[in-house]
Engineer: 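One structure coming up, written as structure tokens, with questions to follow.
Model, not experiment: these values are computed from the prediction.
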Amino acid sequence: MEEMLFYDRMQFAFTITFHYLFPQLTMGLSLIIVYFKWKFLKTDDITYNKATHFWMKIFALNFAMGVVTGIPMEFQFGTNWAKFSELTGGIIGQTLAMEGMFSFFLESSFLGMFLFGEKIIGHKWHFVTGLLIFIGSWASGFLIIATHSWMQNPVGYEILANGRFVLNNFGALFTNPWLWPSYLHNQAASLVTSSFVVAGIGALYILSKRNVSYGKLFLRTGVIFGLISSLIVAVPTGDLLAKNVVKYQPVTFAAMEGIFHTEEKGAEIVLIGQPDVKDKKLDNKIAVPNVLSFLTYGSWDTTVKGLDQFDETIHPTNISGLYYAYHIMVGLGTLFIGLMSIAVLQLLRKKLFETKWILWALFFMMPFPYIANTTGWYTSELGRQPWLVYNLLRTSAGASPTVSSGNTLFTLLGFVGLYMLLGLLFLLLVGKIIKNGPETVKK
């Protein structure tokens, strides 16, 4: 059973990690594309319209990859996690069906018109279709995170005698206190990814002295959107989400921060340290006294509960993984704020385009928001373990008893090989679009 559960979780973790590389760019990029089209309508500057079409191509590729890699995850609910689907389908089926029927179809229906219909419908309606795609992509994220939030903090349900969950308050799904901080945090993080990609491509054009006017536009847009979104990820959304963890999952918060023993009269915040789960301590730590209590409760001397206050049967099953995922996410987020702040300052001083070290930094930082988003999701998912539905349904009770570990491992290896080929094809196609540049757009 343990081996089967391990491979079930590994397969879902791999497929969802690869899948989310694409929506996190499309959700943020849809907003930036709408901004470029709006600027064209306002200024009648053809540069903005060519920028719109350039990023539309990259958006379309990301959207297609997101669809292709998202479908296998839906099937896994019926194969590897059939018991989970049987017990909770009456609730999670609501939001997942709404995501497919409304958000996905809204987004996909207007994508073809946005890509190919500008000459037919005109620029104003072209802008409207882009706006609808943006709304669809963000609504899709909202409904997915509504599902996720219910698993983190179940509301509006009752459990029947046969163990099945049924919904008795539909509105509770969308007033869940876990939902809005999670959603806004996720969307701001996706905008961080898009901003770094836009700014990084702009920096590349300036450094290579090709498409320089577009490079300056992309860089200017990317750093402004990037600074705003990076700040929103930290405050208020990240702060509100952390306070939710403290309130609803205090054992998770203790593991995230590496607090093995309750810290009375003020808890320190650990900047660097390695968790030793066996001996219940942090090795080689560098910490600042009392700061964690202040950030969490607004008081310097408030007690923060450690893992010693909770039964070990409800401790997160991978404390080290949770601790590192959380600290990587926070560390990268802090770095993003710092770099974007310096870039915007240089932009205001009209020195950004000549400051090569910032250009190189923005170019090489493009992959790191993907890492931060991934570790952010790992923090959330590892923090919920050992539960599928927090405090109600354990992960071991949701797996399919009839799917063997050998079958799951075989399909996992197949996914790894197939996704590697898809990833290489995607990079080649995007690389070709970037190499051709916005000037080749015939608009």
Engineer: Provide the closest heavy-atom pair for Leu61 versus Val430 in the form atom of the first, atom of the second, distance.
Structural biologist: CD1-CG2, 3.9 Å
Engineer: Under a 3.5 Å threshold, yes or no: a donor from one side chain and an acceptor from the other, between Gln24 and Thr193?
Structural biologist: yes
Engineer: For a 4.5 angstrom cut-off between non-hydrogen side-chain atoms, does Thr355 reach Ile342?
Structural biologist: no
Engineer: Identify whether the distance between the nearest side-chain nitrogen and carboxylate oxygen of Arg9 and Glu2 falls below 4.0 Å.
Structural biologist: no
Engineer: Rounded at 0.5 Å granularity, tell me how far CD in Glu74 sits from OG in Ser85.
Structural biologist: 9.5 Å
Engineer: Would you check, one step at a time, whether the test ring pair (Phe, Tyr, Trp, His ring centres under 6.0 Å) holds for Phe415 with Tyr419?
Structural biologist: CA-CA 6 Å; Phe415 278 126; Tyr419 283 8; 5.5 Å; yes
Engineer: CZ/Phe174 to OG/Ser149 distance, rounded to the nearest 0.5 angstrom?
Structural biologist: 10.5 Å
Engineer: With side-chain contact (heavy atoms from CB on, under 4.5 Å) as the test, would you mind laying out the steps for Leu240 and Trp180 before giving the verdict?
Structural biologist: CA-CA 9 Å; Leu240 290 172; Trp180 284 99; over 6 Å; no
Engineer: Check the pair Tyr48 / Trp38 against ring pair (Phe, Tyr, Trp, His ring centres under 6.0 Å), numbers first and verdict last.
Structural biologist: CA-CA 9 Å; Tyr48 287 108; Trp38 172 76; 9.1 Å; no
Engineer: Indicate yes or no: at least one non-hydrogen side-chain atom of Phe196 is less than 4.5 angstrom from one of Tyr370.
Structural biologist: no
Engineer: Run the ring-ring contact (aromatic ring centres under 6.0 Å, His included) test against Phe84 and tell me which residues pass, sequence neighbours left out.
Structural biologist: none
Engineer: In Å, rounded to the nearest 0.5 Å, how long is the span from NZ of Lys280 to CG of Leu307?
Structural biologist: 8.5 Å
Engineer: Identify the heavy atoms of Asn153 and Pro177 that sit nearest to each other, and give their distance.
Structural biologist: ND2-CG, 3.7 Å
Engineer: We want to know whether Asp301 and Ser293 form a side-chain donor-acceptor pair, criterion being a heavy-atom distance below 3.5 angstrom.
Structural biologist: no
Engineer: Which is it for Val270 and Tyr323 under the side-chain contact (heavy atoms from CB on, under 4.5 Å) test, yes or no, and what are the steps along the way?
Structural biologist: CA-CA 11 Å; Val270 177; Tyr323 171 88; 3.6 Å; yes
Engineer: Do the side chains of Lys243 and Asp239 get close enough for a salt bridge, i.e. N-O under 4.0 angstrom?
Structural biologist: yes
Engineer: Would you find a donor on one side and an acceptor on the other, under 3.5 Å apart, between the side chain of Arg394 and the backbone of Ala397?
Structural biologist: no
Engineer: Given side chains that start at C-beta, do those of Val304 and Ile259 come closer than 4.5 Å, heavy atoms only?
Structural biologist: yes
Engineer: How close do His315 and Pro386 get, heavy atom to heavy atom, and via which atoms?
Structural biologist: O-CD, 3.6 Å
Engineer: Looking only at side chains, do Asn284 and Gln274 share a donor and an acceptor under 3.5 Å apart?
Structural biologist: yes
Engineer: Do Thr408 and Asp8 pair up side chain to side chain, a donor and an acceptor below 3.5 Å, judged on atom types alone?
Structural biologist: yes
Engineer: So with a 6.0 Å cut-off around CH2 of Trp300, is the heavy-atom count from everything else above 12?
Structural biologist: yes
Engineer: Keeping Asp311 on the side-chain end and Ile314 on the backbone end, is there a donor-acceptor pair under 3.5 Å?
Structural biologist: no
Engineer: Check whether any side-chain heavy atom of Phe225 lies under 4.5 Å from a side-chain heavy atom of Val198, and answer yes or no.
Structural biologist: no
Engineer: Looking at every heavy atom in both Asn80 and Gln11, which two are closest together, and how far apart are they?
Structural biologist: ND2-OE1, 2.8 Å
Engineer: For Asn373 and Ser190, does a side-chain donor sit closer than 3.5 Å to a side-chain acceptor?
Structural biologist: no
Engineer: For the CG atom of Leu184 and the CG atom of Leu241, what is their distance to the nearest 0.5 Å?
Structural biologist: 10.5 Å
Engineer: Look at the side chain of Ser405 and the backbone N and O of Met4, then say whether any donor-acceptor pair between them is shorter than 3.5 Å.
Structural biologist: no
Engineer: Check for a donor-acceptor pair, side chain of Glu86 on one end and backbone N or O of Arg164 on the other, with a separation under 3.5 Å.
Structural biologist: no
Engineer: Please check if the side chain of Ser400 supplies one atom and the backbone of Ala82 the other of a donor-acceptor pair under 3.5 Å.
Structural biologist: yes
Engineer: Quick one: do Trp360 and Phe364 satisfy side-chain contact (heavy atoms from CB on, under 4.5 Å)? Show the steps, please.
Structural biologist: CA-CA 6 Å; Trp360 281 112; Phe364 282 112; 3.4 Å; yes
Engineer: Could you walk me through whether Lys305 and Glu263 pass the salt bridge (Lys or Arg N to Asp or Glu O under 4.0 Å) test, one step at a time?
Structural biologist: CA-CA 7 Å; Lys305 291 182 179 180; Glu263 297 188 16; over 6 Å; no
Engineer: Would you call Ile232 and Gln187 a side-chain contact if the rule is heavy atoms closer than 4.5 Å?
Structural biologist: no
Engineer: On the 0 to 90° scale, with breaks at 30° and 60°, tag the Tyr157-Phe165 ring pair as parallel, tilted or perpendicular.
Structural biologist: tilted
Engineer: Within the 3.5 Å criterion, strictly below it, is a donor on Glu107 or Ser140 matched to an acceptor on the partner's side chain?
Structural biologist: no
Engineer: Do other residues, nucleotides or ligands put more than 12 heavy atoms under 6.0 Å from Glu158 CD?
Structural biologist: yes
Engineer: Below 4.5 Å, heavy atoms only, C-beta onward: do Leu143 and Leu96 meet side chain to side chain?
Structural biologist: no
Engineer: Test your reading of the model: is there a side-chain donor-acceptor pair from Ser194 to the backbone of Leu25, 3.5 Å cut-off?
Structural biologist: yes
Engineer: Pairing donors with acceptors under 3.5 angstrom, does anything connect the side chains of His148 and Ser182?
Structural biologist: no
Engineer: Inspect the surroundings of CZ in Phe75 and state if more than 12 heavy atoms from other residues, nucleotides or ligands are less than 6.0 Å away.
Structural biologist: no
Engineer: Asn318 vs Tyr324, test: side-chain hydrogen bond (donor to acceptor under 3.5 Å, both in side chains). Steps then yes/no.
Structural biologist: CA-CA 10 Å; Asn318 187 349; Tyr324 283 122; over 6 Å; no
Engineer: List the residues meeting side chain to side chain donor-acceptor pair (under 3.5 Å) with Asn244, not counting sequence neighbours, and say none if there are none.
Structural biologist: none
Engineer: Would you call Glu354-Lys351 a salt bridge at under 4.0 Å N-O?
Structural biologist: no
Engineer: Report the C-alpha distance between Ser137 and Thr26 in whole Å, list the side-chain angles of each, state the deciding distance to 0.1 Å, and finish with yes or no for side-chain hydrogen bond (donor to acceptor under 3.5 Å, both in side chains).
Structural biologist: CA-CA 8 Å; Ser137 66; Thr26 56; over 6 Å; no
Engineer: Run the side-chain hydrogen bond (donor to acceptor under 3.5 Å, both in side chains) check on Thr303 and Glu264 step by step: do they pass?
Structural biologist: CA-CA 4 Å; Thr303 297; Glu264 299 180 355; 5.4 Å; no
Engineer: Hydrogens and angles aside, do Thr17 and Tyr378 bring a side-chain donor and acceptor to less than 3.5 Å of each other?
Structural biologist: yes
Engineer: Is it true that a side-chain atom of Trp150 and a backbone atom of Val155 form a donor plus acceptor pair closer than 3.5 Å?
Structural biologist: yes
Engineer: Where do Asn62 and Phe426 land on the side-chain contact (heavy atoms from CB on, under 4.5 Å) test, with the steps shown first?
Structural biologist: CA-CA 8 Å; Asn62 270 268; Phe426 171 79; 3.5 Å; yes
Engineer: With a 4.5 Å cut-off on side-chain heavy atoms, are Gln385 and Pro316 touching?
Structural biologist: no
Engineer: Do His185 and Val233 make a side-chain contact, defined as non-hydrogen atoms from C-beta onward lying under 4.5 Å apart?
Structural biologist: yes
Engineer: Does any N or O in the side chain of Tyr183 come within less than 3.5 Å of the main-chain N or O of Trp138, such that one atom is a donor and the other an acceptor?
Structural biologist: yes
Engineer: Where is the tightest heavy-atom contact between Thr395 and Leu5, given as atom of each residue plus distance?
Structural biologist: O-CD1, 3.8 Å
Engineer: Quick check: closest heavy atoms across Gly383 and Thr252, and the distance to 0.1 Å?
Structural biologist: O-OG1, 2.7 Å
